[in-house]
Amino acid sequence: MRIATWNVNSLNVRLPHLEAFLRDQSPDVVCLQETKCEESKFPGAEIEAMGYRWVHNGQKTYNGVAILAKAGCGNVGSGIPEFADEQSRVIAGDVGDVRIVCVYVPNGQSVGSDKYEYKLRWLTALRAWLAAELVAHPKMAVLGDYNIAPEARDVHDPLAWEGRVLFSEPERAALKGLIATGFVDAFRLFEQPEKSFTWWDYRLNAFKRKMGLRIDHVLLSTALAKACTACTIDTGPRGLERPSDHAPVLCELSL
DNA sequence: ATGGTTGTCCTACAA
């Protein structure tokens, strides 16, 4: 089974890129973030024509998450239970015997801001929920835009980014704490190229200058990690005309 | 240089 995650930064704008990605990579499951549309504007017919069934937790203008799956998914839930959130940032469902959780972690804006505090509270709630979910679903994959670079090697200029949002110590500690409840970062199970990133700012020609961060992740429960044979970043879509600012991450599971 | 670009929606705001 091949699973993937991609922050598309508007699903309707990125539909041609998504179509090419699905054709080129043929993933069984794709988690999307920042669909930026409510249900009435979700391009469901187009996605079904590409051979995928879908579930979506959307909202107007901001956020929005979806899971596309060739085989469809059941037992679908939206949001973090017991965490009231007006923002559409989580959707989960079963594909076969694997629990798929699609997350769009808050950006946090800047360290010390209200949005930063919200990000940390959100991550605390996510951790508590997922720790409990692991008991019921030993085979679990949590994919998405975490808006956190875990280590210095995940940042093009770690000295410049140290202490800033996306790479501050409290954010990294929160991600580390989440992982410590029973996950592994699939990307780091394997040898990877230097300067492996998943997001590059639209400004200052950041992609061409390799000025990126690795903030999109595939976390696998320890039971599921045993089945993981590869994890890669597909930088192709980031180089296209009018791209998302994020690249997709792909993960291969021998299931 | 505290800069710059994109998406949504039409004016700022979020990223």
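From a predicted model like this one, the values you see are computed outputs, not experimental measurements. Protein chains get the first letters and strands the later ones, always in sequence-line order, with residue 1 at the start of each.
Out of B:dA14, B:dG7, B:dT8, the shortest distance to the side chain of A:T61 is found at B:dT8. Side-chain proximity of A:Y62 to the nucleotides B:dT8, B:dA15, B:dC13 is greatest for B:dC13.
Computed from coordinates, the A:K36 NZ to B:dA15 C1' distance equals 7 Å when rounded to whole Å. We find that NE2 of A:H246 is positioned 17 Å from P of B:dA14, with the value rounded to whole Å. Taking atom CG of residue A:D201 and atom P of nucleotide B:dT6, one finds them 10 Å apart after rounding to whole Å. Note: CD (A:Q87) to P (B:dC13) measures 15 Å, nearest angstrom. As rounded to whole Å, 7 Å separates atom P of B:dC10 from atom NZ of A:K60. The CG-P distance, from A:L204 to B:dA1, rounds to 15 Å in whole Å. Across the protein-nucleic acid pair, A:N7 atom CG and B:dA15 atom C1' stand 9 Å apart, rounded to whole Å. Rounded to whole angstrom, the span from the OH atom of A:Y202 across to the P atom of B:dC13 amounts to 21 Å.
The closest donor-acceptor contact from the side chain of A:S113 to the backbone of A:S110 lies under 3.5 Å. The backbone N or O of A:I91 sits nowhere less than 3.5 Å from a side-chain atom of A:S78 that would complete a donor-acceptor pair.
Dashed line: the shortest gap from a side-chain N or O of A:R242 to OP1 or OP2 of B:dT5 is not under 4.0 Å. Neither OP1 nor OP2 of B:dA15 sits under 4.0 Å from any side-chain N or O of A:R203.
Remark: A:R89 qualifies as a cation-pi partner of A:Y104 under the 6.0 Å distance and 45° angle criteria applied to the six-membered ring.
Rounded to whole Å, the separation between the P atoms of B:dC13 and B:dG3 comes to 16 Å. Annotation: B:dA15 and B:dG4 have their C1' atoms spaced 13 Å apart (nearest Å). Taking atom P on both nucleotides, B:dC10 is separated from B:dA14 by 15 Å, rounded to a whole Å.
Heavy atoms of A:F207 sit nowhere under 4.0 angstrom from any nucleic acid atom.
Between the side chains of A:S244 and A:N9, not a single donor N or O lies within less than 3.5 Å of an accepting N or O. Judged by distance alone, the side chains of A:E34 and A:N7 do bring a donor and an acceptor atom under 3.5 Å apart.
Remark on DNA chain B: of its neighbouring residues A:D145 and A:V13, the 5'-side contact belongs to A:V13, judged by nearest-heavy-atom nucleotide. Of the residues near DNA chain B, A:R14 and A:Y104, the one whose nearest nucleotide (by heavy atom distance) lies more toward the 5' end is A:R14.
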